[in-house]
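These notes concern the structure reproduced below.
Here is how names work: the chains are called A, B, and so on, in the same order as the sequence lines, proteins then strands, and each is numbered from 1. Just so you know, these numbers come straight off a predicted model, no measurement behind them.
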Amino acid sequence: MMQIFDTMQNRLVDLETRDPNHVSIYACGPTVYDVPHLGHARTALTYDLLKRFLMWSGYTVTLASNITDIDDKIIERSAREGISENELSSTYTKIYIDQLREFGVADPDFRPLATEYVEEMLAIITQLFEQGAAYEIEGHGVYFDVDSLADYGALAGRTVNELRESAQARVASEEDKQDPLDFALWKSAKPGEPTWDSPWGPGRPGWHIECVAMSLHLLGDGFDIHGGGSDLAFPHHENERAESEASGHSFARYWMHSAMLNVNGEKMGKSLGNFRTLGDALAQYGPRPLRLAMLQAHYRSLMELSDETMKGAIGGIERIDAFFRRMLGADIQETSIDTEAKDRFMSAMNNDLGSPDAIAVVFETINSGNAALDDKNIKEASMALTTVSELLEVLGLSKDTVDSDEEIDSLVSEREAARASRDFAAADRIRDILKDRNIEIEDTPNGPLWRKI
RNA sequence: GCGUCGGUGCCCGAGUGGCCUAAGGGAGCGGCCUGCAAAGCCGUACAAUCGCGGGUUCAAAUCCCGCCCGGCGCUCCA
């Protein structure tokens with residue numbers, strides 16, 4: 001059985017799903033006011049990996065991942081750029097989706113937009129009123145009363161009083177909130193802002209309510225896993241939980257949080273110059289090395305993404321691809337998977353998504369497959385190939401399509417002819433020509449192969 | 001300041017009481033293979049030690065206490 005680290009219980013727990021053989025997951029996506037950075041990619045990758053692994057384990061999985069397309073930052077930025085909120089958010093939504101696809105993150109089953117769930121949000125706010133968990137402040141909006149949730153603060157590992165102390169030590173609120181911890185469910189309309197009608201007058205959604213509306217609508221009460229970046233645990237997730245539970249809906253059974261990512265020793269978002277956007281990193285390193293680098297770190301540990309890390313990951317991908325190239329030339333048989341390797345891979349992943357360990361199993365299998373091929377042990381080599389292919393599929397690291405190019409093929413043939421007549425000077429000349437075009441030749445017992453470098 | 005997670009070789013990282021004489025990958029070095037390469041295989045140095053100092057235990061990288069350093073949170077944030 002899979003174990004995951006549940007933020008709520010603050011420990012590793014067995015994943016016991018609401019429905020047998022089905023897992024419902026809600027992963028918090030970005031607020032689209034700018035291009036995605038590597039941190040967004042890491043978070044999305046975590047839940048992509050979780051889904052792939054659970055499906056491979058035999059579950060059916062429903063993954064919902066939202067796009068928040070209305071919030072203060074979006075309003076601010078679109079005003080500054082003189083375009084509509086919708087124009088701004090749809091531009092960045094498209095970039096986000098395109099780049100995640102390029103990165104190899106599969107589309108979630110649902111990708112809800114906050115602006116399409118205002119009805120559902122209003123319904124929940126109504127329910128909160130009915131439960132006495134919400135109150136209105138004239139001119140400001142509707143607020144949530146944190147006393148409505150007995151263990152408010154549990155996700156942050158703190159009591160309400162501890163939170164209150166911190167909160168009071170900070171900004172005194174301008175509104176007449178009953179408690180400094182209370183937060184807006186519905187914000188009254190302000191000039192120049194997009195608004196929706198509501199029983200409490202025109203306004204727009206407040207904090208966190210969009211995720212509650214979308215997750216409950218798409219996955220139902222008591223869905224299995226709610227995830228996101230660790231920076232969202234408090235207050236975002238805590239408040240979602242409060243809103244949901246207080247309105248009478250049981251919320252997520254488990255909470256998962258993926259850790260942050262630093263680039264070249266600097267926090268994301270503050271460094272300039274260096275790549276920090278997903279787009280730049282994809283262009284610089286390619287999707288697969290980037291993915292390998294991220295998967296070689298555990299999702300719950302802070303990750304440093306440096307040039308050196310990437311150098312290592314590029315080497316790793318090359319090793320994987322070289323293995324496939326070699327096998328391509330071998331007389332491979334149809335075989336079953338190596339159950340020993342599969343079991344080790346599975347127990348690594350069952351242990352709170354232990355991808356670094358799981359990847360170690362893949363590399364070990366590549367090694368034994370290569371060794372088997374050297375020994376002309378085709379059966380074992382074939383089994384290693386089957387195993388590596390299947391496991392890489394689970395990790396989303398499968399080999400790209402094979403390169404093909406007629407002109408290069410003909411140069412390679414020319415070189416083969418020269419080699420056959422032992423005209424090595426001519427053969428090396430052709431190899432140099434190809435090298436100038438970033439093509440590297442590998443001579444194998446089954447003939448030459450080439451690849452882009 | 002309070003809470004929380006973490007600090008393992010040159011780099012990335014696994015390991016959470018005995019199988020650790022610390023996995024795996026990358027980079028390094030030597031050998032084999034090759035016309036030469038590339039890829040691959042084999043071997044090998046680098047952790048007498050796992051941030052530092054105490055403690056518990058027959059036994060600790062793994063548990064406890066203190067300290068140092070870093071991430072995240074304390075109503076923007078993946």
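With distances taken from any side-chain atom of A/S301 to the nucleotides B/C74, B/G71, B/A14, the minimum falls on B/A14. In the set B/G24, B/C74, B/C72, B/G24 carries the atom at the smallest distance from any side-chain atom of A/Q296. Side-chain proximity of A/H37 to the nucleotides B/G24, B/A78, B/C74 is greatest for B/A78. Listed nucleotides B/A23, B/A78, B/C77 differ in distance to A/K73; the shortest reach to its side chain belongs to B/C77.
A/H298 comes within 4.0 angstrom of sugar-phosphate atoms only, judged by non-hydrogen atoms across all strands, and of no base.
Protein atom CD1 of A/I314 is 14 Å distant from nucleotide atom C1' of B/G25, rounded to whole Å. Look at CG on A/L302: it is 9 Å from P on B/G13, rounded to the nearest Å.
The stretch residues 358-371 of chain A participates, sequence neighbours left out, in these side-chain hydrogen bond (donor to acceptor under 3.5 Å, both in side chains) pairs: A/R326-A/N370, A/R344-A/E364.
A salt bridge between A/K311 and A/E308 is absent, with no side-chain N of the basic residue lying under 4.0 Å from a carboxylate O of the acidic one. With salt bridges taken as basic N to acidic carboxylate O contacts below 4.0 Å, one links A/D352 and A/R300.
Looking at residues 352-359 of chain A, you'll see A/P356, A/D357 sit with a heavy atom under 4.0 Å from some atom of RNA chain B.
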I need a per-nucleotide contact map over nucleotides 31-45 of chain B, read 5' to 3'. Cutoff is protein heavy atoms under 4.0 Å; write B for the base, S for backbone only, - otherwise. ----BBBBSSSS---
